[in-house]
Amino acid sequence: MENVSNLSLEKQLYSIFCETVTKYELLSGVEKVVFLFSGGKDATLGLFFLNKYIKEKKLPVSLEALMVAYPKHVYYLEDGTEADCFVETKRFWEEQQVNVKVFDSEECDFKDDEKGACKICKNARKAIVDGYLNSYIESGNTAIVTGYTLYDALAYMDEICLVSNFDFNNISLDDVPTLNRVKNCLHKMKAKEKLPNGLTIIRPLIAMKENMIMDAVINLNIPYISRGCKAATNKHKREYFKVLNIAAPIDNATYEGLLDFLVKINIDLPETFEDVELGNYFTDC
């Protein structure tokens, strides 16, 4: 294999992506992939790499993407017409022969000063995602793929540190919401797991910083949904990312390192979703 350090940024990231898929057998036993696609830069690069990988390896895996155009102001202008980036994104994936199914939510766009914007958005998206994926419940060879990266997992580690100091015993058993939130974060650190309903969820946890992803998308000339969400400044994960972005040693982070660290502090990844009180199994997608 060619020395990765001699490759362009996008080729370096794709090489790491391929190694991750192969090492963890992420597509083993999978016949159909439903990629949860927001159109953002992370999901865009993930979908591009996955489509490229399937085609290059000539895998018997069908690929489609599920896109929920919410919150509305990210995808549409005030007059209700589609934003240019939305139009260009859909056109690009059509040219790539990737079937992107776009759904609009019946939920009204949240107000500019809405404090619960993220919860409204999550519920709006979840309602559509759940309804769509439920049609695949009987298909045991279908996998849901998210746009998560290793940096998402590391951000959740920040959250766990803050609420539990890496010790579940520090969380009162009476505080069920917080306990379930922490355990749900641990589920998001699994690269691949079988859900109780028979579907498989895959998270390509690759070490990609935000600026690396952005540069790669720009270098590859791939359109993406570039209109920011007006609630983004209130997202906790954005603050966690800021911490990660200024921690130079984080450049050496690996998925194996994350798992080893969890072992050292005596925290096991959940084996099933039975310990997390969720209305369904797609909440963390």
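Below, all heavy atoms of this structure are taken into account, side chains as well, without hydrogens, waters or symmetry copies. The model shown is predicted, which means the values in this text are computed figures rather than measured ones. FYI, the numbering just counts along the sequence from 1.
- Within 6.0 Å of atom NZ in Lys57, 12 or fewer heavy atoms from other residues, nucleotides or ligands are found, so the atom counts as exposed in its surroundings.
- Contact of the Val98 side chain with the Phe35 side chain is not registered, since no non-hydrogen atoms from C-beta on lie closer than 4.5 Å.
- Between Asp109 and Tyr76, the side chains place no donor N or O within less than 3.5 Å of an acceptor N or O (distance only, hydrogens not considered).
- What you find for Phe110 and Pro71 is that their closest heavy atoms are CE2-CB, 3.6 Å.
- For CD of Glu56, the number of neighbouring non-hydrogen atoms (other residues, nucleotides, ligands) closer than 6.0 Å is greater than 12.
- Ser15 contributes no side-chain N or O that, together with a main-chain N or O of Lys11, makes up a donor-acceptor pair within less than 3.5 Å.
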- Task: Would you sort out whether Leu13 and Ile206 count as a side chain to side chain contact (heavy atoms under 4.5 Å, CB included), showing the intermediate values?
- Result: CA-CA 9 Å; Leu13 295 182; Ile206 305 168; 5.8 Å; no
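- Across all their heavy atoms, Ser105 and Tyr70 have their closest contact at CB-CD1, 4.0 Å.
- Between the side chain of Tyr53 and the backbone N or O of Phe17, no donor-acceptor pair lies under 3.5 Å.
- When hydrophobic clusters are built by joining Ile, Leu, Val, Met, Phe, Trp and Tyr residues whose side-chain heavy atoms come closer than 4.5 Å, directly or via intermediates, Val87 is not grouped with Trp93.
- The side-chain heavy atoms of Val21 and Leu50, taken from C-beta on, include no pair separated by under 4.5 Å.
- Ile201 CD1 to Lys190 NZ: the interatomic distance, rounded to the nearest 0.5 Å, is 11.0 Å.
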- Task: Give the C-alpha distance, both sets of side-chain angles, the deciding distance and a yes or no for side chain to side chain contact (heavy atoms under 4.5 Å, CB included) between His73 and Asp112.
- Result: CA-CA 10 Å; His73 63 272; Asp112 291 355; over 6 Å; no
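- Formation of a donor-acceptor pair under 3.5 Å by the Asn123 side chain with backbone atoms of Lys119 is found in this model.
- A 4.5 Å side-chain heavy-atom check between Thr254 and Asp260 finds every atom pair outside the cut-off.
- Taking hydrophobic clusters as Ile, Leu, Val, Met, Phe, Trp and Tyr residues chained together by side-chain heavy-atom distances below 4.5 Å, Ile265 shares a cluster with Leu258.
- In terms of modelled atom types and a separation under 3.5 Å, the side chain of Arg227 and the main chain of Phe86 share no donor-acceptor contact.
- Between the Thr22 side chain and the Cys18 main chain, a donor and an acceptor come within less than 3.5 Å of each other.
- Smallest separation of non-hydrogen atoms from Ile128 and Asp104: CD1-O, 3.8 Å.
- Counting heavy atoms from C-beta outward, Pro270 and Glu193 have side chains that stay 4.5 Å or more apart.
- Considering all non-hydrogen atoms of both residues, Ser164 and Ile160 come closest at OG-O, 2.7 Å.
- A cation-pi arrangement, defined by a distance under 6.0 Å to the six-membered ring centre and an angle within 45 degrees of its axis, is absent between Lys101 and Phe103.
- Salt bridge status for Glu114 with Lys230: absent, with no side-chain N to carboxylate O gap under 4.0 Å.
- Across every non-hydrogen atom of Ala153 and Met189, the tightest pair is O-CE, 3.5 Å.
- Met214 places a side-chain heavy atom less than 4.5 Å from the side chain of Tyr224.
- A distance of 11.0 Å separates CE in Met212 from CD in Glu10, rounded to the nearest 0.5 Å.
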- Task: Start with the C-alpha gap between Tyr75 and Thr89, add the side-chain angles, then the distance that decides, and say whether side chain to side chain donor-acceptor pair (under 3.5 Å) holds.
- Result: CA-CA 10 Å; Tyr75 302 87; Thr89 294; over 6 Å; no
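- With a 6.0 Å radius and a threshold of 12 heavy atoms from other residues, nucleotides or ligands, Glu256 has its CD atom above the threshold.
- Among all heavy-atom pairs drawn from Lys32 and Ser62, the shortest one is CG-OG, 3.3 Å.
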- Take Ile120 and Glu107, measure what side chain to side chain contact (heavy atoms under 4.5 Å, CB included) needs, and give me the verdict at the end. CA-CA 8 Å; Ile120 293 173; Glu107 181 71 40; 3.9 Å; yes
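- Arg203 contributes atom CZ, which lies 10.5 Å from atom CG of Leu36 (distance to the nearest 0.5 angstrom).
- Within the 4.5 Å cutoff, the side chain of Phe37 has heavy atoms near those of the Thr44 side chain.
- Using a 4.5 Å cut-off on side-chain heavy atoms (C-beta onward), Phe48 and Leu220 make contact.
- A cation-pi geometry, defined here as NZ or CZ lying under 6.0 Å from the six-membered ring centre and within 45° of its normal, holds between Lys52 and Tyr14.
- Just one residue in the list Leu195, Leu66, Ile202 forms a side chain to side chain contact (heavy atoms under 4.5 Å, CB included) with Ile144, and that residue is Leu195.
- For the pair Asp130 (side chain) and Ala127 (backbone), a donor-acceptor distance under 3.5 Å is absent.
- Within 6.0 Å of the CD atom in Glu64, the count of heavy atoms belonging to other residues, nucleotides or ligands exceeds 12.
- Residue-environment remark: CG (Asn99) exceeds the threshold of 12 foreign heavy atoms within 6.0 Å.
- Under the 4.5 Å side-chain criterion, counting only non-hydrogen atoms from C-beta, Val74 is in contact with Ile225.
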- Should Glu82 and Lys90 be marked as a side chain to side chain contact (heavy atoms under 4.5 Å, CB included) after you check the CA-CA gap, both sets of side-chain angles, and the distance that decides it? CA-CA 11 Å; Glu82 296 181 347; Lys90 291 193 294 182; 2.6 Å; yes
